[in-house]
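What follows is a short report on a single structure.
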Amino acid sequence: MQKDYDVIVVGGGHAGCEAALAAARMGCETILFNISLDSIALMSCNPAIGGLAKGQLVKEVDALGGEMGKIADQTAVHFRLLNASKGPAVQSSRVQCDKQLYRLTMKTAVEKQRMLHLRQALVERLVVEDGRICGVEDQTGVFYRAKAVVITTGTFLEGLIHIGSVHYPAGRAGEMASLELAVSLKSLGFEMGRMKTGTPPRLRASSIDFSGLERQDSDPNPIPFSFTTTELRQERLPSYFSSTTSETHRLIRENINCSPLYSGVIRGIGARYCPSLEDKVMRFPDRERHPVVLEFEGLETEEVYAKGLGNSLPPELQESIVHSVPGLGQAEIMRAAYAIEYDFVQPTQLRRTLETKSVAGLYLAGQINGTSGYEEAAAQGILAGINAAAAVQGREPFLLDRADAYLGVMVDDLVTRGVDEPYRMFTSRAEYRLILREDNAGFRLMGKGHKLGLVSREQYERMEEQARLIGEGIRKLSSVKVYPVPEANSKLAEMGTAPIKNPATLYQLLKRSGIRHDDLKVFAGWEAVPDRSVRRQIEIEAKYEGYIQRQRDAVRKMKELEGKKIPPGMDYAAIPSLSNELKTKLIRVEPATIGQAERIPGMTQAAITALLIMMKKMEMEAAACRRNGVTGP
C-alpha cells in the first residue's frame with residue numbers, strides 16, 4: 001500500500017497540531033499521525049497555557065494564524081496576568097485550562113480542517129533517498145509518500161518512565177513509546193541525546209482540606225490570548241497554595257536512595273529551573289519549605305494537579321510525602337508522580353526553518369529539539385509547518401530573527417547554541433524584549449500571518465484599524481497643551497504628581513509614572529478611547545518611548561550584521577587564524593550570517609574579523625573571475 005501527501009506530521013501534541021494546521025491552511029494535502037487519536041493535544045503535565053515569556057509565544061502563534069491561543073481562551077477556567085506590577089516587557093498571561101475540554105476542542109479543530117487527514121498509527125521508519133525525505137512507514141508496513149515530513153514526537157522517542165525502582169518504556173503514563181523511530185533517526189546519522197522531565201501526582205479534590213489554604217481567584221477582567229476571541233467562558237476555578245514541611249524533607253532525605261534520579265538509573269538531563277521535589281530538598285538543604293500549588297484539572301473532574309510535588313519516588317513513599325503537606329493529610333493520589341527520559345536531536349543540526357541540514361525536507365519541532373513546554377512546542381510547530389508547506393509550494397522560507405519575535409529568539413538560540421539541558425523560554429533571553437511584548441504581538445506578526453494565508457483579511461484589517469487608532473490617539477494627546485496655571489497644577493496635585501512650570505502636552509503628562517490615559521480626562525481637549533488595548537498601547541508608547549527608541553536603534557545595528565550573508569559552503573577549515581575549536585563550531589552550526597556567527601558560544605571578535613576578511617577575499621576572487629570571463633565558484 002502507498003499513500004501520497006504533500007506534508008506528513010508525526011505526533012499530535014502541541015507542536016504537531018500547529019504544524020499540521022498551518023500546512024493544511026496553506027493549501028497542502030497534509031496527514032497527521034498519532035499513536036492514539038484520543039490523546040491529540042493532551043496536556044501531559046500541568047493543564048496551563050502561558051506563563052512568563054511563554055505567554056508571548058502563545059500570542060505570537062496566534063498572530064501568525066495558529067490555534068493554541070484560541071483553544072486556551074475557549075477552555076480556560078483560571079486567568080492570571082503575571083508580573084502585573086512590573087513593566088510591560090516582562091508581563092505575561094497564564095491560564096489554567098480544562099484539560100479534557102482543551103484536548104477535545106483542539107481535536108475538533110484538527111478534524112474539521114480542510115485538507116488535513118488524521119491517522120492513528122505508529123510511525124517507525126523515515127524513508128530517505130539521495131539525501132531527501134520521501135515519506136514514512138508505519139508499524140504495519142504501509143508507506144506514506146510526502147514531499148516534506150515534520151517530526152514532533154515530544155517525550156515519546158524511546159521514552160522510559162521511572163517510578164522508584166520500576167521503569168518501563170512509555171511515551172507518557174498509559175501510552176506506548178516510539179522505539180523504532182528513534183532507531184531510524186540514529187541510522188540517519190543524527191547526533192542525539194537523552195533528557196528527563198517529570199510530572200507530580202494528581203489528587204482527589206474531595207479528599208483535600210482546602211479550608212486552611214491560601215486561595216487565589218482568577219483575574220476578574222482578563223485579556224484573551226487570541227486576537228479573534230470576543231467572549232470568554234464565565235466558569236472559573238480557584239487555585240490554592242500550601243507548602244512542604246520539615247517532615248516532607250525528612251522523608252525525602254532518609255529515602256533518597258529510592259530515587260532513580262540519585263541512584264544513577266536516570267541518565268537524562270533535567271532542567272535546572274524546574275527541579276523535582278527530591279532535587280530541591282537535596283540541593284537547597286537550608287530551605288525549610290517549598291511551595292505547593294493545587295490547581296484543578298477541569299470543571300467536571302475531581303483531579304487536582306499538585307504543582308511542586310513532582311518526583312520519581314516509589315508510590316508508598318509518594319503517599320507519605322503528600323500527607324505531610326498542610327491540607328493534604330488525607331489526600332488520595334489518583335495518579336502517581338513519575339519521571340520520564342526520552343531522546344532528542346541536538347538542534348544545531350537544523351536550519352532556521354527547522355529543516356534538518358543533512359536530510360532535505362525533514363523538519364523537527366518541539367521537545368525533539370531539546371525544548372520544554374507546550375508553548376515552545378507550539379511555536380516551533382507552526383514555524384516548521386509553515387516552512388514545510390512553503391518548500392512544497394516553491395515559496396520563500398519563512399524566517400524570524402531575534403528582533404521579530406520570541407519565536408525568533410528561541411530558534412536562533414537552538415540552532416546557534418544548541419542545548420545541554422531542556423530549553424525553556426525566559427524574558428531574559430530576549431535582548432529586545434521591550435519591543436517584543438505580549439501586547440504588541442499582533443502588530444509585529446499579523447501582517448506576516450496574513451501574507452502566508454493563515455490570517456483572514458478581516459482579522460488583519462481589524463489590527464490595522466487598531467494601529468491607526470493608536471497613532472491617532474498619540475497625535476491628539478500631543479496636540480493638546482496644558483498650561484502652568486493654578487487650576488491645572490491643582491488637578492496634577494490631586495493625581496499625586498508634580499506641578500508643571502512650562503506648557504506640557506497631554507502626551508508628555510502621560511509619560512509620568514502613575515498617570516493613566518483616563519486620568520487626563522480632567523483636562524479640556526482630552527478624548528475617550530473605548531478600546532482598552534488601544535489605550536494600553538498609547539500608554540506604553542508614551543511611558544517607554546525613550547527606551548523603545550534605544551532598542552530600535554540597537555535592532556538596526558543588529559540587522560546590519562544579519563544582512564552580511566555568509567556564502568553557503570564556506571570553508572572554515574581554510575581560515576588560518578581560527579582556532580580548531582571555533583572551526584569545529586562554525587562547521588557544525590553553519591551560520592547563515594555574521595550576526596549568527598557572533599552568537600556562537602566562544603566566538604571572538606578576532607575570529608569574526610578573520611571571517612570577514614575571508615569573505616572579502618572570496619568576493620574579490622569572484623569579481624576577478626567575472627572580469628576575466630571565468631565561470632564557477
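Remember, it's a predicted structure, so these values are computed and weren't measured experimentally.
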Closest approach of [X] to [Y] (non-hydrogen atoms, all atoms of both residues):
| X | Y | answer |
| --- | --- | --- |
| V392 | D6 | CG2-O, 3.7 Å |
| A339 | I266 | CB-CD1, 3.9 Å |
| L116 | A20 | CD1-CB, 3.7 Å |
| F344 | R194 | CE2-N, 3.6 Å |
| G171 | I340 | O-CD1, 3.0 Å |
| A72 | F225 | CB-CD1, 4.0 Å |

Is the backbone of [Y] close enough, under 3.5 Å, to the side chain of [X] for a donor and an acceptor to pair up by distance?
| X | Y | result |
| --- | --- | --- |
| Y338 | A173 | yes |
| S184 | L126 | yes |
| Q393 | M26 | yes |
| D404 | D401 | yes |
| E341 | G268 | yes |
| Q139 | L122 | yes |
| E137 | E124 | no |
| R424 | A271 | no |
| R125 | V123 | no |

If we ignore angles and hydrogens, is there a donor and acceptor under 3.5 Å between the side chains of [X] and [Y]?
| X | Y | value |
| --- | --- | --- |
| N46 | Q96 | yes |
| T371 | N369 | no |
| T353 | N387 | no |
| Q367 | T155 | no |
| S36 | E175 | no |
| E29 | H117 | yes |
| Q349 | T356 | no |
| Q100 | R103 | yes |
| D62 | S226 | yes |
| R172 | S44 | yes |

Next on the checklist: Working note: E235 + D98, criterion side-chain contact (heavy atoms from CB on, under 4.5 Å); need CA distance, chi angles, decisive distance, verdict.
Outcome noted: CA-CA 10 Å; E235 299 95 333; D98 185 304; over 6 Å; no

Item to check | Gap separating the CD1 atom of I566 from the CD1 atom of I594, nearest 0.5 angstrom | outcome: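 If we round to the nearest 0.5 Å, I566:CD1 and I594:CD1 are 4.5 Å apart.
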
Checklist entry - If you round to the nearest 0.5 Å, how far is CG of L299 from SG of C97? => result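 The CG atom of L299 is 10.5 Å from SG of C97, to the nearest 0.5 Å.
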
[X] vs [Y] side-chain heavy atoms within contact, under 4.5 Å:
| X | Y | value |
| --- | --- | --- |
| I40 | L32 | yes |
| C134 | R145 | yes |
| V136 | F33 | yes |
| L414 | L350 | no |
| T301 | K99 | no |

Checklist entry - Do the ring planes of Y273 and F426 sit parallel (below 30°), tilted (30 to 60°) or perpendicular (above 60°)? => result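 Rings of Y273 and F426: perpendicular, as their planes differ by over 60°.
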
Next on the checklist: Which label fits H162 and H167: parallel for a plane angle under 30°, tilted from 30 to 60°, or perpendicular past 60°?
Outcome noted: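 Correct class here is tilted.
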
Item to check | side chain to side chain contact (heavy atoms under 4.5 Å, CB included) partner of Q56, the single match among E438, E375, M425 | outcome: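 So the option named by the test is E438.
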
Checklist entry - Which of these passes side chain to side chain contact (heavy atoms under 4.5 Å, CB included) with S276: T197, L261, T199? => result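 So the option named by the test is L261.
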
Checklist entry - Cation over ring, R429 on Y423, under 6.0 Å and within 45°? => result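 Pair R429/Y423 counts as cation-pi.
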
Item to check | Geometric cation-pi criterion K59 and F227, 6.0 Å radius, 45° cone | outcome: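 Yes.
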
Next on the checklist: Working note: E297 + R335, criterion salt bridge (Lys or Arg N to Asp or Glu O under 4.0 Å); need CA distance, chi angles, decisive distance, verdict.
Outcome noted: CA-CA 12 Å; E297 293 216 330; R335 304 188 198 218; 5.5 Å; no

